[in-house]
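Keep in mind it's a predicted model, so treat the numbers as computed, not measured.
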Amino acid sequence: MAEAAGFQGTERPRGRWLRRTVTLLTGVLLLMGLLQVPHAATAQAAPTGSRTVDVTIDSMSPSAPSKSDTVTVSGTLTNDGRDTITNAHVGMNRGDALGGRSSIDNVSRRTGYLPGADGEEINGSAEKIGKLEPGVSRPFSVSVPVKDLRLDKDGVYQLGVSVSGRSQAAPYNQVLGFDRTLLPWQEADAQKKTQLTYLWPLISSTHLTAETDADAQQTPVFRNDDLAAELAPGGRLQQMVALGKNLPVTFVIDPDLLATVDAMTKSYRVNGPDGPMGKNQAVAKQWLHELEEAVKSHEVVALPFADPDLASLAHHGKSVPSALSHLGPATDLAESTVDTILGVKPRTDFAWPVDGAIDSSVVDVATSAGAHNVITRSDSLRETGGLSYTPTAARPIGGGNTAIVADAQLSRAFEGDMSKAGNSAHAVQDFVAQTQMISLEDPDRQRSIVVAPQRMPSVSQAHAMATALRTLDDSGSWTQPLSLSKAAKAKPDRSATRQVPSGAAYPSSLRRQELPTSAFRQIQGTQAALDDYRVILAQPERVVTPFGSAIMREMSTEWRGHASGAAGFRHSVRSYLDGLTKKVHLIQKSGATLSGRSATIPVTVQNNLVQGVKDMTLKLTSSQPNRLDAGKAQQITVDGGHSQSFKFATTANANGRAWVTAQLYTADGKPYGDPMMFQVNVTEITATVMLVIAGGVLLLVLAGVRIYLQRKRAAAQRAEDGSDGEGPDDDTGTDGDNGGTDGDEPEQPSDPTPDTGSESSGPSGSGEKVDR
């Protein structure tokens, strides 16, 4: 017993530890299992009830039926459940007329089948589909005559497609899938139709660089050749023109797009390592031709050149001097560009901030260049008066300016992926229904509504927009088209909001996308460098035009949300400009030695541009003017592709070394380019040396006098000897006593030749390259 007790006493703690460990591990495993089971069950759970079958309406025809029409709804069914559906059929359901625009929004957001609200299945509309296996999709199409829909009054009705059948999980007949759309119905034309203005934007991204080739035509250099795909048949811009020409719309054009396409119709080069020549001239010409034909029957509104980001200018550019000064030239350039290329006079008095978002500073900037009409949106200039109807778009906002308040719901109707037939069909019906509901809000009050869609619609979005506009145009029951200029003059509603929101109300999501203040400082620096550069050129227009356009593009709305792309473009413009300015420079000079009181020093100016430079000043400055006077400044002119030396008359006053700085200046006195320094060593002749030379000269003179006197005496002696009958003295050699040279002139010392160099007129370096 004692042994047993001792055994138990020593082993009991270990046993308890083992049991506890096993129990703990078992509990953890069970807990993990419990936690995983619901997750697995949730992940594998299949839709049930009225969401078992995914019903997608891909089209409804006609979108706005008349009394004698038959409504056909087509689409796709997909069994998302686990069981096979049997005894299935598709039917059409008609709900009640909706009570307002908010009701339309509620219907569009609702999913699944809601008995009562979604109405009963219409007799005679059923289409049998038999079995539908799990995961299988199949098309459907159901049709119902309008008379069977029993549309008893004008309004927007909910129209649904239901799939009913049985499955193992639901052995009795029930609705297993449902999708809904909107059916606008109006038996007779409205007495006061809503005036509808639809903006049709032709805007693209920046495609041109600041660079052009050095030829006479200034061949432009494109960032890439992507624009060709947009202009080609089926491309985004080609479709926008092809669709828009037959629609009641107002074209809103960025003139930069026209200038770019016009440049593409001629010779152009694509930027890159090899710089290939572009080959899409025919595509560009065809697109411009089609646009010219389209705008003949449409109003054209031109945005300022390159579509500047007005909100960025208002919030960050105003603090940078001269940033706003680009708006006026951009507006002027817009008018001349459209008139020259399309042959029409555009309206340039409309401003369109991003997404129509405004505050007081945005309005101030937008109207600073003559645009007295600001296109905003109803989610920015919100209604606060409790109106029971959608008011007219035009609102006076003070200072002779008008806010054109585009309807936010209609303007955003075609955002998103419209390449899916279901999305497009629902967007079209929603747009058409919303316009009718606006008319029904107050049938006795005619209003003017404006739609401002996304700036660069995709091809699928453009087609959906066109389908909706054609539907309204074909029906003509409650809307009529109106140009933007007439919409701006429409009589405003007295109770509509006219108070421009404060800066605090501007959306923070849009603020985060704006160009920063540093960007406008960089733009200012580039403009200042361009101003300094242009004044020295014989043909400044070759530089001002391409660089001026490039600077405008640096402020484009295109850069919203693309900070790195915007910074890269600004850097490329400035780098290219700096490269051009350095083509006019001073050639580095080696040191010079002056061994006299005066000499000329040449300084060479190199011009590697194609064109000449003029009205420049070249000045030498001595570091020690008491030792060396570097002479007067000189006006210089250098032809393109040449170098030329200019000689400065210098004066030495003392011996020693002096540094000389050569600097070019523009006509307004600003330094141009880097200075060039060289050393001059002055070795002036001293007074002692002059005395020695003077003494030597005196000795030579005295020796000459002595020789002269000796020869005179010798001649007299010969004459006397001759009279005695002696012959002439033939000794014409050197008189050994005087050491002179008979008949030789002494060689005179002179100042050493200064380092002057020769003037060069030959071409040097590469030619100038600038861009549009």
Side-chain angles (χ1 to χ4, degrees), residues 197-208 220 222 224-268 270 278-303 305-307 333-348 350 352 414 418-419 451-474 481 483-485 558 772:
T197 302
Y198 205 101
L199 308 187
W200 200 254
L202 295 180
I203 301 172
S204 186
S205 56
T206 297
H207 295 280
L208 276 172
F222 280 61
N224 49 54
D225 215 6
D226 295 348
L227 182 58
E230 294 190 69
L231 303 176
R236 187 183 70 85
L237 291 171
Q238 188 274 335
Q239 288 293 288
M240 287 293 292
V241 173
L243 295 170
K245 68 180 180 181
N246 297 319
L247 296 173
V249 296
T250 294
F251 281 103
V252 179
I253 301 176
D254 176 8
D256 182 28
L257 173 61
L258 298 183
T260 303
V261 178
D262 184 62
M264 187 181 279
T265 62
K266 310 173 185 68
S267 177
Y268 71 96
V270 180
K279 300 178 180 179
N280 292 289
Q281 289 84 356
V283 170
K285 290 177 182 178
Q286 181 62 31
W287 186 82
L288 277 183
H289 173 72
E290 293 177 359
L291 180 58
E292 287 178 32
E293 294 299 316
V295 298
K296 288 179 179 179
S297 56
H298 291 74
E299 181 177 61
V300 175
V301 170
L303 300 174
F305 192 90
D307 188 19
L333 183 57
E335 182 175 9
S336 61
T337 300
V338 175
D339 189 14
T340 301
I341 297 176
L342 296 183
V344 297
K345 291 284 187 182
R347 294 290 299 266
T348 59
F350 288 88
W352 189 13
F414 301 102
M418 294 292 115
S419 62
V451 180
Q454 55 273 35
R455 262 176 158 75
M456 290 190 282
S458 65
V459 173
S460 57
Q461 289 171 342
H463 276 277
M465 291 156 52
T467 299
L469 290 174
R470 279 195 296 266
T471 297
L472 293 177
D473 196 39
D474 293 342
S483 66
L484 182 60
S485 58
E558 174 208 351
R772 299 180 187 274

* Which residues pass the salt bridge (charged side-chain N to carboxylate O under 4.0 Å, His left out) test with K285, sequence neighbours left out? -> none

* Structure fact -> salt bridge (charged side-chain N to carboxylate O under 4.0 Å, His left out) filter on D225, not counting sequence neighbours, yields none

* Asked: Hey, what do you get for CG (L258) to CD1 (I341), rounding to the nearest 0.5 Å?
  -> 5.0 Å

* To do: Calculate, to the nearest 0.5 Å, the distance between atoms CE and CD belonging to M240 and Q461 respectively.
  => 9.5 Å

* Report the distance from atom CG of L231 to atom CD of Q286, rounding to the nearest 0.5 Å. => 11.0 Å

* List for me each residue that meets ring pair (Phe, Tyr, Trp, His ring centres under 6.0 Å) alongside H289, sequence neighbours excluded, and say none if there are none. => none

* Structure fact -> In short, salt bridge (charged side-chain N to carboxylate O under 4.0 Å, His left out) pairs touching residues 452-473 with sequence neighbours left out are D307-R455

* Kindly compute the distance separating OG1 (T265) from CG (N280), expressed to the nearest 0.5 Å. => 12.0 Å

* **Donor-acceptor pair, side chain of E558 and main chain of T206, under 3.5 angstrom** => yes

* To do: Could you tell me which non-hydrogen atom of P453 sits nearest to which non-hydrogen atom of M465, and how far apart they are?
  => CG-CE, 4.0 Å

* Are the side chain of E299 and the backbone N or O of S485 linked by a donor-acceptor pair below 3.5 Å? -> yes

* Structure fact -> Those residues at least two apart in sequence (or on a different chain) that pass side chain to side chain donor-acceptor pair (under 3.5 Å) with T467 are none

* Looking only at atom types and distance, does a side-chain atom of T337 sit under 3.5 Å from a main-chain N or O of P255, one as donor and one as acceptor? -> no

* side chain to side chain contact (heavy atoms under 4.5 Å, CB included) with L469: which of V249, V451, D474? -> V249

* Asked: Between E335 and T348, does any side-chain donor sit less than 3.5 Å from a side-chain acceptor?
  -> no

* Set of residues satisfying ring pair (Phe, Tyr, Trp, His ring centres under 6.0 Å) with respect to F350, sequence neighbours excluded -> none

* Asked: Which residue, L288, V283, L291, forms the side chain to side chain contact (heavy atoms under 4.5 Å, CB included) with V261?
  -> L288

* To do: Please check if the side chain of H463 supplies one atom and the backbone of S419 the other of a donor-acceptor pair under 3.5 Å.
  => no

* To do: Check ring pair (Phe, Tyr, Trp, His ring centres under 6.0 Å) between Y268 and all other residues, then give those that pass, not counting sequence neighbours.
  => F222

* Asked: Do any pairs count as a salt bridge (charged side-chain N to carboxylate O under 4.0 Å, His left out) and have a residue in residues 232-241, sequence neighbours left out, and if so which ones?
  -> E230-R236

* **Atom pair OG/CG of S204 and D226 - distance to nearest 0.5 Å** => 9.0 Å

* To do: Using the test side chain to side chain donor-acceptor pair (under 3.5 Å), find all partners of Q281 that sit at least two apart in sequence or belong to another chain.
  => none

* Distance (rounded to the nearest 0.5 Å) between H298 NE2 and F251 CZ -> 5.0 Å

* Quickly, which of L199, L484, I253 forms a side chain to side chain contact (heavy atoms under 4.5 Å, CB included) with V301? Name it, please. => L484

* To do: Please name all residues satisfying salt bridge (charged side-chain N to carboxylate O under 4.0 Å, His left out) with D256, sequence neighbours left out, ordered by chain then number.
  => R553

* Asked: So, W287 side chain and L237 main chain: donor-acceptor pair closer than 3.5 Å or not?
  -> yes

* Qualifying residues under side chain to side chain donor-acceptor pair (under 3.5 Å), relative to Q238, sequence neighbours excluded -> none

* Without swapping roles, check the side chain of E292 against the backbone of G343 for a donor-acceptor pair under 3.5 Å. => no

* **Minimum heavy-atom distance between P201 and W352, given as atom pair plus value** => CB-CZ3, 4.1 Å

* To do: Just jot down the salt bridge (charged side-chain N to carboxylate O under 4.0 Å, His left out) partners of K279, sequence neighbours excluded, or say none.
  => none

